[in-house]
Structures are given as structure tokens and as C-alpha cells.
S.K.: 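Got a structure for you, questions after.
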Amino acid sequence: MPPELAEAARVLFGDRLDLAAAYAEVLATDGVVRGLIGPREAPRIWDRHLLNCAAVAERIPPDASVLDVGSGAGLPGLVLAIARPDLTVTLVEPLARRTSFLVEVVEELGLAKTVRVFRGRAEEAATGSTGVGPFSADVVTARAVAPLDRLAAWCLPLTVRGGRLVAMKGMSAAEEIAEHAEAVAKLGGGEPSVQLCGVGVIEPPATVVEIVRERVVNQPRVKSAAKRSRGGRRRGR
């Protein structure tokens, strides 16, 4: 970890900083070898990935259930599970090589009691069309997955009524809201808002777009997909 980031890391991860460091090591080694993290990203694991994702934890209420859509290498879902042991987190990822990595990391870090891995698309998680699920959560997260209209279509059906989509976005967040607010409303979402996370802790702060699911809108059911293997086990609730 770069020395200048040590204080921010202590603030965001607290007594689980060692666990975050273990995850950072896996990302910078096995994650690069397996193509989940680009080689040029390895030196920036902390500032570009872990701290940004951990800062989003401030937008999640205590003891919440979280679904992370398009989790990839576990960003931000696995980072949130490390920073916030009170959360129960489901990592939703359709690609087998990524879910295999996630399952291994969850076991290696000792997070199996609070984290599960679902192999499938968001639509499949919402409808249970793969024979597992359906799933829903208080908060649904996503990072660099899709434009806001498509993201809302995938994520709001996974969000309980009154729950929130928390989407990590860049500097174009306000422009995306202006372009897609009408589509979000048709999907049952409230007015999107931009929130800055980690102000005074990381620079620049992490930018997220939040959308509350105000209404349940009926959407076409996803056709049953061919059976596929899934990483991880579905824990009983």
C-alpha cells in the first residue's frame, strides 16, 4: 500500500484492514494472471479500486442485504463485505471464470458466512429463471456496468420496494441522469441523485448515482436459460 493512502485505508477498513490487504494481494497477483485485473492496474489497486469502493459503504444502512451486479473481480461487492461485516452480500456475475475466482476468494478470506456467489445475469437473479432465486436486496450496487437506463432495468427489479440502487459512476453522472431520468421513472425508480462518498478521506471522492425503487413495475419474464453450473452456494435465509 502506498504510504500516503495508509490513513484513508485505516479509516475505511478499520480493524479489517489486514483482510483488505489480503484481498489486494490476490487481485494484484492471481487477479492479473487470470485476466480479471489489467497488469497496469496492479500498482493502483488501493487508490483506484479498494478505497473508492470502500467509501461507498457510507451509503448503505446497517445490517442491509446487498446485491452486487456484474461483480467481476468483486468490485465493489467484495470490498463492501470486507469493510462492513454487518452486511450480507450476493455477488452476481455471469462469467464462469469470474465466479470461480470469486468463490475461491470468498473461501480464502473466510467470508462464506456473509457472502455468496450467483452465476447468472441480473435478469436471471431477479426471476429465478436458472432454478436458483429469485433474489432481492435492500441495496443493489454496480460499478462500470452499463449506462443508467440499462442499469436501472437490470437492477431495480432486484431492489426491494423502498430500497436503493447505488451505482458507481464517473464525472458524467449528472449527464447520465439528465439523459435517462425519464427511463428510470418508467421502471419504477425515483428521481436519481448524485452523491459523493469519502469526502475528506479520499481524493477525489467516489461518485455514485442513487435511485430509490418507489414502484414495482411488471416487466417481461426472462425466458428460461439452459442450465449452467454456478459458483458458490445459496445460503438459506
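Bear in mind the structure is a predicted one, so any value in this text is a computation, not a measurement.
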S.K.: Using every non-hydrogen atom in the two residues, find where Asn52 and Met168 come nearest and quote the distance to one decimal.
M.R.: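 Shortest heavy-atom contact: O-CE, 3.7 Å.
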S.K.: Would a 4.5 Å heavy-atom cut-off, applied to side chains only, mark Glu179 and Ser172 as touching?
M.R.: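 They are not in side-chain contact.
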S.K.: List the atom of Val92, the atom of Gly120, and the distance in Å for their closest heavy-atom pair.
M.R.: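 Closest pair (atom of Val92, atom of Gly120, distance): CG1-O, 3.5 Å.
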S.K.: Which distance, rounded to the nearest 0.5 Å, do you find between the OG1 of Thr141 and the CG of Leu158?
M.R.: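 Going from OG1 on Thr141 over to CG on Leu158, the span is 10.5 Å.
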S.K.: Please check: side-chain N/O of Glu124 versus main-chain N/O of Arg121, any donor-acceptor pairing under 3.5 Å?
M.R.: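 Between the backbone of Arg121 and the side chain of Glu124 there is a qualifying donor-acceptor contact (under 3.5 Å).
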S.K.: Measuring from atom CG of Leu151 to atom CD of Glu176, what distance do you get when rounded to the nearest 0.5 angstrom?
M.R.: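 Between atom CG of Leu151 and atom CD of Glu176 there are 8.5 Å.
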S.K.: Do Val79 and Leu17 sit in one hydrophobic cluster, given that two such residues count as connected whenever their side-chain heavy atoms are within less than 4.5 Å of each other, even indirectly?
M.R.: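 Linked within one cluster.
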S.K.: Using a 4.5 Å cut-off on heavy atoms from C-beta on, say whether the side chain of Pro204 contacts that of Met171.
M.R.: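 Side chain of Met171 against side chain of Pro204, heavy atoms only: no contact under 4.5 Å found.
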S.K.: Show the numbers, then the answer: is there a side chain to side chain contact (heavy atoms under 4.5 Å, CB included) between Lys186 and Val217?
M.R.: CA-CA 8 Å; Lys186 290 180 179 178; Val217 176; over 6 Å; no
S.K.: Test of understanding: clusters of I, L, V, M, F, W, Y form through side-chain heavy atoms closer than 4.5 Å, transitively. Do Val212 and Val184 belong to the same one?
M.R.: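 No; Val184 is not reachable from Val212 via cluster members.
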S.K.: Which pair of heavy atoms, one from Trp46 and one from Ala21, lies closest together, and at what distance?
M.R.: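 Between these two residues, the closest heavy atoms are CZ2-CA, 3.7 Å.
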S.K.: Testing Leu111, Ile45, Val105 for side-chain contact (heavy atoms from CB on, under 4.5 Å) with Tyr23, which one passes?
M.R.: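 Among the candidates, only Val105 passes.
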S.K.: Taking the side chain as every heavy atom from C-beta outward, state whether Leu36 and Arg98 have any atom pair closer than 4.5 Å.
M.R.: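 A side-chain contact exists here, since the closest heavy-atom pair is under 4.5 Å.
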S.K.: For the backbone of Gly198 and the side chain of Glu58, can you confirm whether one donor and one acceptor N or O come within less than 3.5 Å of each other?
M.R.: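 Flag set: sc Glu58 to bb Gly198 pair under 3.5 Å.
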S.K.: Is the backbone of Ala81 close enough, under 3.5 Å, to the side chain of Arg16 for a donor and an acceptor to pair up by distance?
M.R.: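 Looks like yes, one N/O pair under 3.5 Å.
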S.K.: Answer yes or no: are there more than 12 heavy-atom neighbours, outside Glu214 itself, under 6.0 Å from its atom CD?
M.R.: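 Buried by this count: over 12 neighbours within 6.0 Å.
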S.K.: Between Pro157 and Leu187, is any pair of side-chain heavy atoms under 4.5 Å apart?
M.R.: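 Counting from C-beta outward, Pro157 and Leu187 never come under 4.5 Å.
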S.K.: Any chance you could measure Arg213, atom CZ, to Arg164, atom CZ, to the nearest 0.5 Å?
M.R.: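 Spacing of CZ (Arg213) from CZ (Arg164) equals 15.5 Å.
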S.K.: Would you compute the distance between atom CG of Asp86 and atom CG of Leu80 and round it to the nearest 0.5 angstrom?
M.R.: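 It comes to 10.5 Å.
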S.K.: Could you tell me the separation between the CD atom of Glu7 and the CG atom of Leu5, rounded to the nearest 0.5 Å?
M.R.: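 Glu7 CD to Leu5 CG: 11.0 Å, rounded to 0.5 Å.
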S.K.: So, do Leu75 and Leu50 sit near enough that their side-chain heavy atoms are less than 4.5 Å apart?
M.R.: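 In contact.
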S.K.: What do the steps show when you test Leu148 against Ile177 for side chain to side chain contact (heavy atoms under 4.5 Å, CB included), and what is the final call?
M.R.: CA-CA 7 Å; Leu148 197 58; Ile177 288 176; 4.0 Å; yes
S.K.: Does the side chain of Arg97 come within less than 4.5 Å of Arg34's, by heavy atoms?
M.R.: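 A side-chain contact under 4.5 Å is absent here.
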S.K.: Any sub-3.5 Å donor-acceptor pair from Asp138's side-chain atoms to Ser65's backbone N or O?
M.R.: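 Yes; at least one donor-acceptor contact below 3.5 Å.
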S.K.: Could you tell me whether a side-chain N or O of Glu93 sits under 3.5 Å from a main-chain N or O of Gly72, the two making a donor and an acceptor?
M.R.: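 A pair under 3.5 Å: yes.
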S.K.: Can you confirm whether more than 12 heavy atoms, excluding those of Glu4, are under 6.0 Å from its CD atom?
M.R.: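 Above 12, so yes.
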S.K.: Please test His49 against Arg143 for side chain to side chain contact (heavy atoms under 4.5 Å, CB included), starting from the C-alpha separation and ending with a verdict.
M.R.: CA-CA 10 Å; His49 300 290; Arg143 181 179 188 246; 3.2 Å; yes
S.K.: With side chains defined as the heavy atoms from C-beta onward, is the minimum distance between Phe101 and Leu27 less than 4.5 Å?
M.R.: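 They are in side-chain contact.
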S.K.: Please tell me if the side chains of Thr207 and Leu196 come closer than 4.5 Å, counting only heavy atoms from C-beta onward.
M.R.: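 Yes, side chains in contact.
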S.K.: Can you give me the closest heavy-atom contact between Leu12 and Ala54, atom names plus distance?
M.R.: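 Closest approach of Leu12 to Ala54, heavy atoms only: CB-CB, 4.0 Å.
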S.K.: The test is side chain to side chain contact (heavy atoms under 4.5 Å, CB included); show your working for Leu156 and Leu165 and say whether it passes.
M.R.: CA-CA 7 Å; Leu156 287 179; Leu165 164 61; 4.3 Å; yes
S.K.: Minimum heavy-atom separation for Asp47 to Arg44, with atom names?
M.R.: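 Residues Asp47 and Arg44, closest heavy atoms: OD1-O, 2.9 Å.
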S.K.: Which distance, rounded to the nearest 0.5 Å, do you find between the CG of Leu51 and the CZ of Phe13?
M.R.: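 Result: 6.0 Å between the selected atoms.
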S.K.: So, for Ala55 and Ala206, which heavy atoms are closest and what is the spacing to 0.1 Å?
M.R.: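 Closest approach of Ala55 to Ala206: CB-CB, 4.5 Å.
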S.K.: Just by modelled atom types, is the Ala57 backbone N or O under 3.5 Å from a matching donor or acceptor in the Arg84 side chain?
M.R.: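 Judged by distance alone, yes, a pair lies under 3.5 Å.
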